[in-house]
2 protein chains.
Amino acid sequence: MNALYHCISKYHSIPSGAWDALCKTLTKVEIPRNSFLVKEGMVCNNLYFLEKGCLRGYYNLDGKEVTYWFGFEDNFVTSFYSFISRKPSVENIQALEDSALWSISFEALNQLFDAHKDLERLVRIINEQYYIRLEERFMAMQFKTARERYEQLIENSPHILHRISLGQTASYLGISQETLSRIRSQG
Amino acid sequence: MNALYHCISKYHSIPSGAWDALCKTLTKVEIPRNSFLVKEGMVCNNLYFLEKGCLRGYYNLDGKEVTYWFGFEDNFVTSFYSFISRKPSVENIQALEDSALWSISFEALNQLFDAHKDLERLVRIINEQYYIRLEERFMAMQFKTARERYEQLIENSPHILHRISLGQTASYLGISQETLSRIRSQG
DNA sequence: CCTTTCTTTTGACATTTGTCAAAAAAGGAA
DNA sequence: TTCCTTTTTTGACAAATGTCAAAAGAAAGG
């Protein structure tokens with residue numbers, strides 16, 4: 001759990017009592033490549049911390065898989081809409097590599113919030129940071145060309161290019177695989 | 001402040017002590033049409049609740065104004081990135097109509113969080129709901145055509161069409177004004 | 001090493017959307 | 001009303017990106 005502790009400390013320092021309580025409720029989850037953490041139609045009851053491996057979030061649109069999100073080491077992962085609203089997920093979360101995660105249920109997390117104000121603050125702050133990241137991606141999507149978005153990806157998330165296939169990267173960028181292939185070969 | 005009280009009650013019920021404390025720190029702000037609540041380059045120190053009127057968030061990209069957000073009655077408004085990170089805003093927030101808002105500073109809000117756990121919970125929950133909305137818009141932007149996004153706008157936010165000019169609506173949808181005009185005339 | 005499968009590249013062409021310029025329409029002020 | 005300004009529409013054309021199909025390349029298994 002060192003990775004988790006190190007990760008959350010960057011957002012907000014946690015008293016040891018709260019950390020201990022958190023540790024007690026965390027469950028380790030290991031899933032093999034290609035298996036699913038969340039499937040559409042099911043309520044996602046857990047928030048995860050990805051310790052090792054790599055995941056993607058995608059949904060089905062007109063028979064196509066649309067990837068809109070990747071998770072790597074030290075990322076928090078969940079089907080956010082489902083986890084928060086307690087409604088069935090519209091998305092799937094799949095392991096792209098053998099992965100190891102720490103899991104906490106919605107219920108347990110909310111109980112922790114009642115008991116440990118610092119944990120609620122931590123999550124508030126993390127949510128805010130994730131909001132800002134989504135906002136950045138949103139703006140890029142709305143106002144930049146395919147090539148600019150690709151260049152921004154090289155700049156900001158080069159690890160994606162190393163660990164993710166071209167087709168899925170293209171989907172993530174909101175362009176077709178062929179277009180990305182052409183951009184990459186200096187088209 | 002009735003509108004604010006009614007609005008936040010939908011998210012989380014607030015004890016009267018916390019509500020009183022909040023009221024004491026709120027300042028009323030009234031700004032005329034076309035004036036600015038936030039200008040790029042300045043740190044946005046306040047979170048606002050829009051009681052009356054209408055605002056837009058936009059930034060300048062290659063000499064063009066790119067509108068990516070509108071605020072109406074009962075919306076919370078701020079330059080989120082700047083408010084959270086305490087760095088200069090990259091965006092402008094401008095009144096499209098004469099507007100009335102309630103304002104709270106970053107500092108005052110964080111002091112309230114220390115004193116009233118329920119207020120921090122409220123904000124956490126509101127943040128989560130706003131995250132979900134942004135996620136929806138993001139997905140629409142990434143994977144739907146201009147026409148589909150317009151139809152989704154009619155469905156979800158018809159008030160935008162009534163109160164916002166065509167050019168700004170087009171920008172919000174991530175398309176040119178001409179394209180939106182053509183879509184609207186059944187192109 | 002060979003075969004099979006999956007991923008990436010390439011070509012030809014269609015579609016969507018953007019850009020520029022001008023005309024038309026709508027709205028405000030005197 | 002009449003003039004002036006802003007917004008919206010229209011046309012012609014260009015650029016960006018998607019789609020389909022096939023070929024080339026890379027990875028995996030036996």
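Residue numbering restarts at 1 for every chain, and letters A, B, ... go by the order of the sequence lines. Not measured: the values here are computed from a predicted model. Heavy atoms only: backbone and side chains are in, while hydrogens, waters and symmetry mates are out.
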(request) Measure from the side-chain heavy atoms of A:T145 and tell me the nearest of C:dT17, D:dT17, D:dT10. (result) D:dT17
(request) Report yes if a side-chain nitrogen or oxygen of A:T179 is closer than 4.0 Å to either non-bridging phosphate oxygen (OP1 or OP2) of D:dG18; otherwise report no. (result) yes
(message) Let's see if you can work this out: which of D:dC20, C:dT9, C:dT7 has an atom nearest to the side-chain heavy atoms of A:S181?
(response) C:dT9
(message) What contact category does A:S176 fall into here, base, sugar-phosphate, or nothing, at under 4.0 angstrom with non-hydrogen atoms?
(response) base
(request) Using whole Å, report how far CG of A:L166 lies from P of D:dA26. (result) 14 Å
(request) Please state how far atom CZ in B:R182 lies from atom P in D:dA12, giving the value in whole angstrom units. (result) 10 Å
(message) Looking at A:S181 and A:Q177, would you say the former's side chain and the latter's main chain have a donor-acceptor pair under 3.5 Å?
(response) no
(request) Calculate the interatomic distance between B:I183 atom CD1 and C:dG18 atom C1'; express it in whole Å. (result) 12 Å
(request) Choose from C:dT8, C:dC20, D:dA21 the nucleotide whose nearest atom is closest to any side-chain atom of A:R184. (result) C:dT8
(message) In whole Å, I'd like the distance from the CG atom of A:L180 to the P atom of D:dA16.
(response) 16 Å
(message) Starting the side chain at C-beta, find the nucleotide from C:dT8, D:dT9, C:dC20 nearest to A:Q177.
(response) C:dT8
(message) Quick check: A:Y131 with B:Y130 (ring centres under 6.0 Å apart)?
(response) no
(message) Using side-chain heavy atoms (C-beta onward) and a distance below 4.5 Å, is A:I8 in contact with A:F76?
(response) yes
(request) Could you state the atom-to-atom distance from OH of B:Y150 to P of C:dT16 in whole Å? (result) 18 Å
(request) For A:R149 and D:dA16, give me the distance from atom CZ to atom C1', rounded to whole Å. (result) 11 Å
(message) Quick check on C:dT19: is either OP1 or OP2 less than 4.0 Å from any side-chain nitrogen or oxygen of B:K64?
(response) yes
(request) Rounded to the nearest angstrom, tell me the gap between atom NZ in B:K144 and atom P in D:dG18. (result) 17 Å
(request) Specify the separation, in whole Å, of atom CZ of A:R33 and atom P of D:dA28. (result) 8 Å
(request) Would you give the length of the straight line joining atom OH of A:Y172 to atom CD of B:Q142, rounded to the nearest 0.5 angstrom? (result) 8.5 Å
(message) Quick check on C:dT9: is either OP1 or OP2 less than 4.0 Å from any side-chain nitrogen or oxygen of A:S185?
(response) no
(message) Any side-chain to backbone donor/acceptor pair from B:K117 onto A:D114? Under 3.5 Å, distance only.
(response) yes
